[in-house]
There are 2 protein chains.
Amino acid sequence: MVADGAMTGLATDVVVFTIRDQCLRVLLVRRSGEPFAGHWALPGGMVPADEALDDCASRMLGEKTGVRGVYLEQLYSFGEPGRDPRGRVVSVAYYALVPPERLARFADGDDQLAWMPTEALPELAFDHRHIVELAHRRLAAKLDYSNIALQFMGERFTLSELQSVYETILGEPLDKRNFRKRVRNLPCIEDTGEWFRAGKHRPARLFRVTRSDRVEIIK
Amino acid sequence: MVADGAMTGLATDVVVFTIRDQCLRVLLVRRSGEPFAGHWALPGGMVPADEALDDCASRMLGEKTGVRGVYLEQLYSFGEPGRDPRGRVVSVAYYALVPPERLARFADGDDQLAWMPTEALPELAFDHRHIVELAHRRLAAKLDYSNIALQFMGERFTLSELQSVYETILGEPLDKRNFRKRVRNLPCIEDTGEWFRAGKHRPARLFRVTRSDRVEIIK
DNA sequence: GCAAAAGTGTTATCGATACACCCATGC
DNA sequence: GCATGGGTGTATCGATAACACTTTTGC
């Protein structure tokens, strides 16, 4: 192992985003132990010495949501001495995007887990509120120059649904025609030829994401 | 302190950029001890338990260059088990930008330190080459949507010097008239009214950065 | 007077924005 | 037939990109 007094606790915390009811929501876990017992916190935990950071974040996401293979990106590392009252713990924060359909019957009925709207978060443990805010800003910024929003979409989706995702994250309405113009000639989106009927109005075209679900820089 | 086996070494490494001879250069340190003894590496080291990550990076920058108060930004954290043969060490990488005039008579004559062009790096210790490449990409990306390049400029500078900084980092020539149009109406740049005479040609106007040396998002 | 870098405007093109009405369906 | 959300096109504006010659100085 390594010399001198630079031994510290190493953790990852994951800001897991989804969208439900026109709300951008974050997965929170109620803490059972001290410190901050009873407070809501991000899912996370200590990183075992033989596990890569990405793998650890991915595993924690899987343990809490049952979901694997979704978009996951390192956000920032937080290491203020004093951010954890037990001693020096560096948290490598990640954020993840999960399409709501992949959360079907999971994480409900468990009162230790909650999907809370980013606009109405309770008091969070540690510096987790700050982490959530940073993640939200990063996500919103990426909407402008990448196709990252597709990570929230399921197998098939309508353009109105996609627009709603943008509006929810950005917190502002977008022009329908301009939005569709922009998005229809993206190479990563494809018309399935199928139609979605819902309610008493005209059916909507269904689209799908082509091939890779890679996040690409556009523009 | 913190429970269980998640104890690891915590380090910071800093990619210190400067520009000299139309080259983007990185500060490297020759390693004396194992592992990678004799190899070139980024300046860095273990983070004491009571020091913030930013402070540690800033201190390491200061120790090697004598420079303080320059632009410094967290880049990414690297934690592959196996990236350090001694055991698990997580490195929180930073990058810093130093105007060449602030390096006047420092870091020369010391054959354990070198400012190497990013285009001709020797073999580096650990995953440091990867870190340098990531930092370079981040820096180049930020040229497009921020005024970060001003961090390389001294007290007063000509527009040709500034353009040269852009061209050096991007690795491609820019149109002089378009460049000046863009940059002349930035609020953060100001004509000093002074002139710079060098060689047998027309003198150049000298500019300065106004007020804050904050990096701002532009466009 | 010549070499060397500083300085300067116009035009064309592209992308972004603003904006309002008809369409298909369920009830 | 009416309420609901789905779907479409054009005109304007501003930003970007391409492009070449004159000016000032030192020698």
Side-chain angles (χ1 to χ4, degrees), chain A residues 19 21-22 140-147 149 153-154 156-168 170-208 216-219, chain B residues 19 21-22 140-147 149 153-154 156-168 170-208 216-219:
Chain A
I19 291 186
D21 312 324
Q22 317 268 77
K142 285 215 169 189
L143 286 190
D144 276 345
Y145 64 88
S146 81
N147 60 2
M153 309 318 290
R156 282 157 233 257
F157 54 89
T158 70
L159 294 187
S160 294
E161 286 164 352
L162 183 57
Q163 182 174 347
S164 168
V165 166
Y166 274 77
E167 291 174 334
T168 299
L170 295 174
E172 64 186 13
L174 300 176
D175 180 85
K176 199 206 290 197
R177 283 172 291 190
N178 292 338
F179 180 79
R180 292 163 106 91
K181 221 182 307 167
R182 235 181 83 183
V183 100
R184 288 270 325 227
N185 20 335
L186 289 182
C188 49
I189 284 186
E190 186 176 73
D191 190 340
T192 62
E194 298 167 337
W195 299 86
F196 179 64
R197 303 186 133 73
K200 48 175 182 175
H201 53 82
R202 181 172 174 176
R205 280 171 193 275
L206 283 169
F207 291 79
R208 92 163 69 85
E216 290 168 21
I217 305 301
I218 55 186
K219 284 193 191 173
Chain B
I19 291 185
D21 312 324
Q22 317 267 78
K142 287 216 168 188
L143 285 190
D144 277 345
Y145 63 90
S146 81
N147 61 2
M153 309 318 290
R156 284 158 232 255
F157 54 88
T158 69
L159 294 187
S160 295
E161 285 164 352
L162 183 58
Q163 181 172 348
S164 168
V165 166
Y166 274 78
E167 290 174 333
T168 299
L170 295 174
E172 64 186 13
L174 300 176
D175 180 86
K176 199 205 291 196
R177 282 172 292 187
N178 291 338
F179 180 80
R180 292 162 107 92
K181 222 181 305 167
R182 236 180 85 184
V183 102
R184 288 274 319 233
N185 20 335
L186 289 182
C188 50
I189 285 185
E190 187 176 73
D191 190 340
T192 62
E194 299 167 336
W195 299 86
F196 179 65
R197 302 187 136 73
K200 47 176 183 174
H201 55 81
R202 182 172 173 174
R205 278 171 194 276
L206 282 168
F207 291 80
R208 91 164 70 86
E216 291 168 18
I217 305 300
I218 55 184
K219 282 195 191 173

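To find a chain, count down the sequence lines: A is the first, B the second, and so on, and within it residues start at 1.
In this structure, A/D175 places its CG atom 14 Å from C1' of D/dA11, rounding to the nearest Å. In this structure, the CZ atom of B/F196 is 11 Å from the P atom of C/dG7, given to the nearest Å. Distance CG (B/N185) to P (C/dT8): 12 Å, rounded to an integer number of Å. Across the protein-nucleic acid pair, A/R197 atom CZ and C/dC27 atom C1' stand 15 Å apart, rounded to whole Å. Residue B/W195 contributes atom CH2, which lies 9 Å from atom C1' of C/dA6 at whole-angstrom precision. Between the NZ atom of B/K176 and the C1' atom of D/dA20 there is a distance of 11 Å, given to the nearest Å. Taking atom CG of A/L174 as the reference point, atom P of C/dT17 lies 10 Å away to the nearest angstrom. Rounded to whole angstrom, the span from the CG atom of A/L159 across to the P atom of D/dT8 amounts to 9 Å.
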Base versus backbone protein contacts along nucleotides 12-17 of chain D [heavy-atom cut-off under 4.0 Å; B, S, -]: ----SB
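Here the closest non-hydrogen pair linking B/L206 and B/T192 is O-OG1, 2.7 Å. A/D191 and A/R184 make their closest contact through OD2-NH2, 4.5 Å (heavy atoms, listed as atom of the first residue, atom of the second, distance).
Among the nucleotides C/dG7, C/dA24, D/dT4, the one closest to any side-chain atom of B/A204 is C/dG7. With distances taken from any side-chain atom of B/H201 to the nucleotides C/dC19, C/dT25, D/dT25, the minimum falls on D/dT25.
Between A/S160 and D/dG6 there is a side-chain N or O to OP1 or OP2 distance below 4.0 Å. Put simply, A/R180 has a side-chain N or O that comes within less than 4.0 Å of OP1 or OP2 on D/dG7.
Defined by atom type and a distance below 3.5 Å, a donor-acceptor pair is missing between the side-chain atoms of B/S146 and B/E216.
Between the B/Q163 side chain and the B/F179 main chain, no donor and acceptor come within less than 3.5 Å of each other.
Across the interface with DNA chain C, nearest-nucleotide mapping of B/A198 and B/R177 shows B/A198 to be the residue nearer the 5′ end.
Annotation: side chain of A/I189 is in contact with side chain of A/L162 (closest heavy-atom distance under 4.5 Å). The shortest side-chain heavy-atom distance between B/E172 and B/E167 does not fall under the 4.5 Å cut-off.
For D/dG5, the base has no donor-acceptor partner in the side chain of A/K200 [N/O atoms by modelled type, under 3.5 angstrom].
Screening B/R205, B/R156, B/R208 for a salt bridge (Lys or Arg N to Asp or Glu O under 4.0 Å) with B/E194, the sole residue that qualifies is B/R156.
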